[in-house]
Enquirer: 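Before I ask anything, here is the structure I am working with.
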Amino acid sequence: MPRTNCERTPAQPRSPKQRRRYAGILRAAAHLGAVHGLEGVQMHEVARRSGVAIATLYRYFPSKTHLFAAVLHDQVHRLDAGTASPPPGTGPVEAVSELLTGASRQLFEQPLLALAMIQSNNVSHVTDSVPGRHTDEIIADLVLRTAGVSDPCEQDRRVVRILEQAWYGLLTTVLYERSSAEAAQDGIRLACRLLLAPVLAGRRA
């Protein structure tokens with residue numbers, strides 16, 4: 001396996017062919033991560049499964065953490081694009097609670113992949129190299145949109161960042177088998193009520 005410099009800036013796909021190749025790599029990594037977890041995935045197997053040369057894989061993803069941070073980024077983009085407006089009559093706190101608990105249920109269906117993505121997303125130099133908006137920023141904007149906040153101030157964003165951190169923490173307790181999924185879902189709903197309700201009430205005042 002070729003040696004790589006994990007500090008270099010990864011290449012980004014430009015042409016339609018490159019974007020298709022890049023997407024195929026992410027699909028292969030997601031499949032293997034769901035089966036083997038971060039430590040068990042071998043880069044040469046990702047390259048083989050996605051039909052690219054190992055040098056091409058490393059050109060886009062200098063390490064497994066780069067790769068799985070990109071998988072999370074891709075899945076969050078899909079969540080963002082696929083999330084419809086809350087049904088009429090749904091309160092903002094309830095809407096955000098449903099968004100985060102629903103996303104959690106999807107993650108819990110593939111715990112090894114979820115843990116690989118979250119572990120990789122915690123590596124700052126890796127997430128800084130993901131193209132476009134930062135993954136956490138996409139989630140924050142989705143939460144604000146779901147809550148009906150179209151013109152967030154800095155206080156709104158600070159509260160949402162804290163909520164996001166609480167969500168990650170609750171996810172991690174389940175993925176490390178320190179808590180049940182049900183307890184985490186209850187914790188997510190409680191965090192939404194405690195953090196969002198006062199801020200949203202202040203905006204209406």
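All values below come from the heavy atoms of this structure, side chains included, with hydrogens, waters and symmetry mates left out.
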Enquirer: Check whether any side-chain heavy atom of Leu32 lies under 4.5 Å from a side-chain heavy atom of Arg49, and answer yes or no.
Expert: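 Yes - at least one pair of side-chain heavy atoms lies under 4.5 Å apart.
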Enquirer: Enumerate the residue pairs fulfilling salt bridge (charged side-chain N to carboxylate O under 4.0 Å, His left out) with a member in residues 26-48, sequence neighbours excluded, ordered by first and then second residue.
Expert: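 Counting only pairs at least two positions apart or across chains, the salt bridge (charged side-chain N to carboxylate O under 4.0 Å, His left out) contacts touching residues 26-48 are Glu45-Arg48.
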Enquirer: What closest approach, in Å, do Gln110 and Ala34 show between heavy atoms, and which atom pair accounts for it?
Expert: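 Reported closest heavy-atom pair: NE2-CB, 3.7 Å.
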Enquirer: If every non-hydrogen atom of Ser50 is compared with every non-hydrogen atom of Gly24, which pair is closest and at what distance?
Expert: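 That closest heavy-atom pairing would be CB-O, 3.7 Å.
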Enquirer: Grab the two heavy atoms, one from Tyr60 and one from Pro10, that are nearest each other, plus how far apart they are.
Expert: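 Tyr60 and Pro10 have their closest heavy atoms at O-CB, 3.0 Å.
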Enquirer: Report yes if some heavy atom in the side chain of Met117 is under 4.5 Å from a heavy atom in the side chain of Asn121; otherwise report no.
Expert: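 They are not in side-chain contact.
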Enquirer: Using modelled atom types and a 3.5 Å cut-off, is there a donor and acceptor pairing between side-chain atoms of Lys64 and backbone atoms of Gln42?
Expert: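 Not a single qualifying donor-acceptor pair exists.
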Enquirer: Side-chain contact, heavy-atom cut-off 4.5 Å: Leu170 with Ser179?
Expert: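 Side chain of Leu170 against side chain of Ser179, heavy atoms only: no contact under 4.5 Å found.
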Enquirer: Do you know the tightest heavy-atom contact between Leu38 and Ser120?
Expert: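 Where Leu38 meets Ser120 most closely, the heavy atoms are CD1-OG, 3.9 Å.
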Enquirer: Verify side-chain contact (heavy atoms from CB on, under 4.5 Å) between Ile25 and Leu67, making sure each step is shown before the conclusion.
Expert: CA-CA 9 Å; Ile25 293 170; Leu67 176 57; 3.8 Å; yes
Enquirer: Between Val96 and Leu163, is there a side-chain heavy-atom distance shorter than 4.5 Å?
Expert: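 The answer is yes; the side chains approach within 4.5 Å.
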Enquirer: Are the side chain of His73 and the backbone of Arg133 linked by a donor-acceptor contact shorter than 3.5 Å?
Expert: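 Present.
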Enquirer: Group every Ile, Leu, Val, Met, Phe, Trp and Tyr by side-chain heavy-atom contacts under 4.5 Å, then state whether Ile139 and Ile162 land in the same group.
Expert: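 Looking at the clustering, Ile162 is in the same group as Ile139.
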Enquirer: Quick one: pull up CZ in Arg158 and CG in Asp156 and give me the separation to the nearest 0.5 Å.
Expert: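 The distance works out to 11.0 Å.
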Enquirer: Does Arg19, at its CZ atom, have more than 12 non-hydrogen atoms belonging to other residues, nucleotides or ligands within less than 6.0 Å?
Expert: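 For Arg19, atom CZ is crowded (more than 12 foreign heavy atoms under 6.0 Å).
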Enquirer: Flag the pair Leu142 / Leu79 as yes when at least one side-chain heavy-atom distance between them is below 4.5 Å, and no otherwise.
Expert: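 Yes, at least one pair of side-chain atoms sits under 4.5 Å.
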Enquirer: Mind checking whether Val46 and Ile54 sit in one hydrophobic cluster, side chains of I, L, V, M, F, W, Y counted as touching below 4.5 Å?
Expert: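 As far as the 4.5 Å side-chain criterion goes, Ile54 and Val46 are connected within one cluster.
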Enquirer: Before accepting this row, confirm whether a basic side-chain N of the pair Glu154/Arg161 lies closer than 4.0 Å to the acidic partner's carboxylate O.
Expert: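 Looking at Glu154 and Arg161, the cut-off is met.
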Enquirer: Heavy atoms, side chains only, cut-off 4.5 Å: are Ser104 and Trp167 in contact?
Expert: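 A side-chain contact exists here, since the closest heavy-atom pair is under 4.5 Å.
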Enquirer: What pair of heavy atoms forms the shortest contact from Arg193 to Pro198, and how long is it?
Expert: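 The answer is O-CD, 3.6 Å.
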Enquirer: Parallel, tilted or perpendicular: which one describes the rings of Tyr22 and Phe61, with boundaries at 30° and 60°?
Expert: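 Tilted, since the angle between the ring planes falls between 30° and 60°.
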Enquirer: Please report the interatomic distance CZ(Arg105) to CG(Leu100), rounded to the nearest 0.5 Å.
Expert: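 Reported to 0.5 Å precision, the distance equals 11.0 Å.
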Enquirer: Once rounded to the nearest 0.5 Å, what's the spacing between atom CD1 of Ile138 and atom CG of Leu72?
Expert: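 Spacing of CD1 (Ile138) from CG (Leu72) equals 9.0 Å.
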Enquirer: Working to the nearest 0.5 angstrom, can you tell me the gap between Glu94 CD and Thr146 OG1?
Expert: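 It is 12.5 Å, given to the nearest 0.5 Å.
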Enquirer: At what distance, to the nearest 0.5 angstrom, does CZ of Phe108 lie from CG of Leu175?
Expert: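 With rounding to 0.5 Å, CZ (Phe108) is 6.0 Å from CG (Leu175).
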Enquirer: With the side chain counted from C-beta on, respond yes when Phe68 and Val41 share a heavy-atom pair under 4.5 Å apart, and no when they do not.
Expert: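 When only atoms from C-beta onward are counted, Val41 and Phe68 do touch, with a gap below 4.5 Å.
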Enquirer: Distance from Arg21 atom CZ to Thr56 atom OG1, nearest 0.5 Å?
Expert: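 Here the rounded value is 5.5 Å.
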Enquirer: Does the side chain of Leu200 come within less than 4.5 Å of Val149's, by heavy atoms?
Expert: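 Yes. Closest side-chain heavy atoms under 4.5 Å.
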Enquirer: Under the 3.5 angstrom rule, does the side chain of Gln18 hit a backbone N or O of Ser15 as a donor-acceptor pair?
Expert: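 Yes, because the side chain of Gln18 sits within donor-acceptor range (under 3.5 Å) of the backbone of Ser15.
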Enquirer: Give the C-alpha distance, both sets of side-chain angles, the deciding distance and a yes or no for salt bridge (charged side-chain N to carboxylate O under 4.0 Å, His left out) between Arg145 and Asp141.
Expert: CA-CA 6 Å; Arg145 189 175 80 234; Asp141 287 346; over 6 Å; no
Enquirer: Regarding Tyr168 and Asp136, is there a side-chain donor-to-acceptor distance under 3.5 Å anywhere?
Expert: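 Yes - a donor-acceptor pair under 3.5 Å links their side chains.
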Enquirer: Closest approach of Arg157 and Pro152, non-hydrogen atoms and distance?
Expert: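 Closest pair (atom of Arg157, atom of Pro152, distance): NH2-CG, 3.5 Å.
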